[in-house]
There are 2 protein chains.
Amino acid sequence: MMTLTEENYLKALHRLSQTEEAITVKRIALQLGIKMPTVTSMVKNLAGKKFIRYEKYKAIQLTEKGRRQALLILRKHRLTELFLKDVMGLGWEEVHDIAEQIEHIQSDRFFNRIDEMLGHPKFDPHGEPIPDADGKLPFFKAFPLSGCEAGKKYKLTGVLDHDASFLTYLNTLGLTLGSTIEVMTLHGFDRSMEVLLNGKVRTVFSFTICQHLLVI
Amino acid sequence: MMTLTEENYLKALHRLSQTEEAITVKRIALQLGIKMPTVTSMVKNLAGKKFIRYEKYKAIQLTEKGRRQALLILRKHRLTELFLKDVMGLGWEEVHDIAEQIEHIQSDRFFNRIDEMLGHPKFDPHGEPIPDADGKLPFFKAFPLSGCEAGKKYKLTGVLDHDASFLTYLNTLGLTLGSTIEVMTLHGFDRSMEVLLNGKVRTVFSFTICQHLLVI
DNA sequence: TAAATTTGTTAGATTAATCTAACTTTTTAA
DNA sequence: TTAAAAAGTTAGATTAATCTAACAAATTTA
């Protein structure tokens, strides 16, 4: 049985493994808001349990066992978010913090029932793919709005920032998953862009915002 | 902010306060399945936080603050049980262990939404009264079947044992809340009784079983 | 390439929750 | 009413997760 803290480390490790950069003690510490020595000792613990590969001063890697475990927690998190939104009627900006707690509940019955009630969904309320019961991820082809061309029309399929403040901002613009985003003008100097949302609302997105919006 | 362990102590304390017997270190230790010295130290901690009154070698008492806190946890537990049964379709024998975990979730939004979806219910799936958001309990007049008379007919309104094995046994008899129980014969020697359930099933209840069935 | 900076590790302390062993107080019963 | 039993406390150890201070290795940069 894993502790709650171990589960949170695995989740963080998985998130960090999704970028190009190597997984370092520093990055884990930043991600979790704790100090490096704490990470060093936990990393030794997780290595002892074969969730990660670790050698002093080297980059850290999830093992297959660790990756699988992380994806099963992610599955519980994302199923919970969708349940909170679609069954319980909460907003997409408030589901993350609650799911963060419920994902640690130990009960297959509970999560399988959620999965059934939602009809075995493939994506959560932020457009993130939900791993299946075996820890396998569905194929996923969206890319960030920051890599888009002027004059084209896209569909919002996901967001990479799950903070309530960001999502509440999107709410005020009437932006939800499935909304259209037409890129009007690209500004090279700060990489911001002028956009038309749902054919109605006209505004400017900073580069940071564009990086956090996934479209197809 | 209370720790999970402190919350579990308060719940245990509240349960123990509902019988005649004084709350002792021994009873708390038995209730929680831990050793007495552990209880002594936690009891000092809870007294420091004004949840209980404690003097060495004396009986322990919940303060008003402690009682209120315990009832708020109980509220979350019982709302969750009803939600798991009525919204998620789980059986009354499997909801307790899951609710035991969910009751520690910190989110007013979550539990208020559950309360709303259930229409502000007054009783959980085991017939236990649900404290309101202020920690007040609804009036409750049921009594155990063990105190009943032969030849009379009663309605099952609650159970005092929430173990899956006990509830599964009731399931096999077709007993649910609202079922009728007619007491046919009382046996003085072992205080067991012959009963007729829902006018159909005839069986014998041991004294222990009768103590765990609440009726009106 | 050597010095400075950044990153990582070790050692040792702290807190919460638990334990066992030893001792003390209270209660029961001979 | 005192001796035995039960209940309770204290002292000290353990584990998980965290910290700070000090040191060591790796990387960057002048």
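Chain identifiers are assigned alphabetically (A, B, ...) following the order of the sequence lines, protein sequences preceding nucleic acid strands; residue numbering begins at 1 within each chain.
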Worksheet item: Roughly, in whole Å, what's the span from CD in Glu55(B) to P in dT9(D)?
Response: 11 Å
Discussion item. Out of the candidates Leu4(B), Leu72(B), Asn8(B), only one should pair with Glu103(B) under the side-chain contact (heavy atoms from CB on, under 4.5 Å) rule; please name it.
Written reply: Asn8(B)
Worksheet item: Any side-chain N or O of Tyr9(A) under 4.0 Å from OP1/OP2 of dT18(D)?
Response: yes
Practice prompt. Report the distance from atom CG of Leu4(A) to atom P of dA17(C), rounded to the nearest whole Å.
Written response: 14 Å
Worksheet entry | Donor on one side chain, acceptor on other, Glu194(B) and His187(B), under 3.5 Å | yes
Worksheet entry | Matching residue for Arg75(A) among Asp132(A), Asp115(A), Asp134(A) - test: side-chain hydrogen bond (donor to acceptor under 3.5 Å, both in side chains) | Asp115(A)
Discussion item. For the residue pair Asp163(A) / Ser165(A), report whether a side-chain donor-acceptor contact shorter than 3.5 Å exists.
Written reply: no
Discussion item. For Glu20(A), I'd like to know if atom CD has over 12 heavy atoms of other residues, nucleotides or ligands within 6.0 Å.
Written reply: no
Practice prompt. Taking atom types as modelled, find out whether His162(A) and Glu128(A) have a side-chain donor-acceptor pair closer than 3.5 angstrom.
Written response: yes
Worksheet item: Closest to the Glu6(B) side chain: dA17(C), dT9(D), dT9(C)?
Response: dA17(C)
Worksheet entry | Within residues 20-45 of chain B: residues closer than 4.0 Å to DNA chain C (heavy atoms) | Ile34(B), Lys35(B), Pro37(B), Thr38(B), Ser41(B), Met42(B)
Worksheet, complete the sentence: Closest to the 5' end of DNA chain D, once Lys56(B) and Thr5(A) are matched to their nearest nucleotides, is Lys56(B)
Worksheet item: The side chain of Thr3(B) lies closest to which of these nucleotides: dA17(C), dT9(D), dA25(D)?
Response: dA17(C)
Worksheet item: For the pair made of CG in Asn8(A) and C1' in dT18(D), what is the distance, rounded to whole Å?
Response: 14 Å
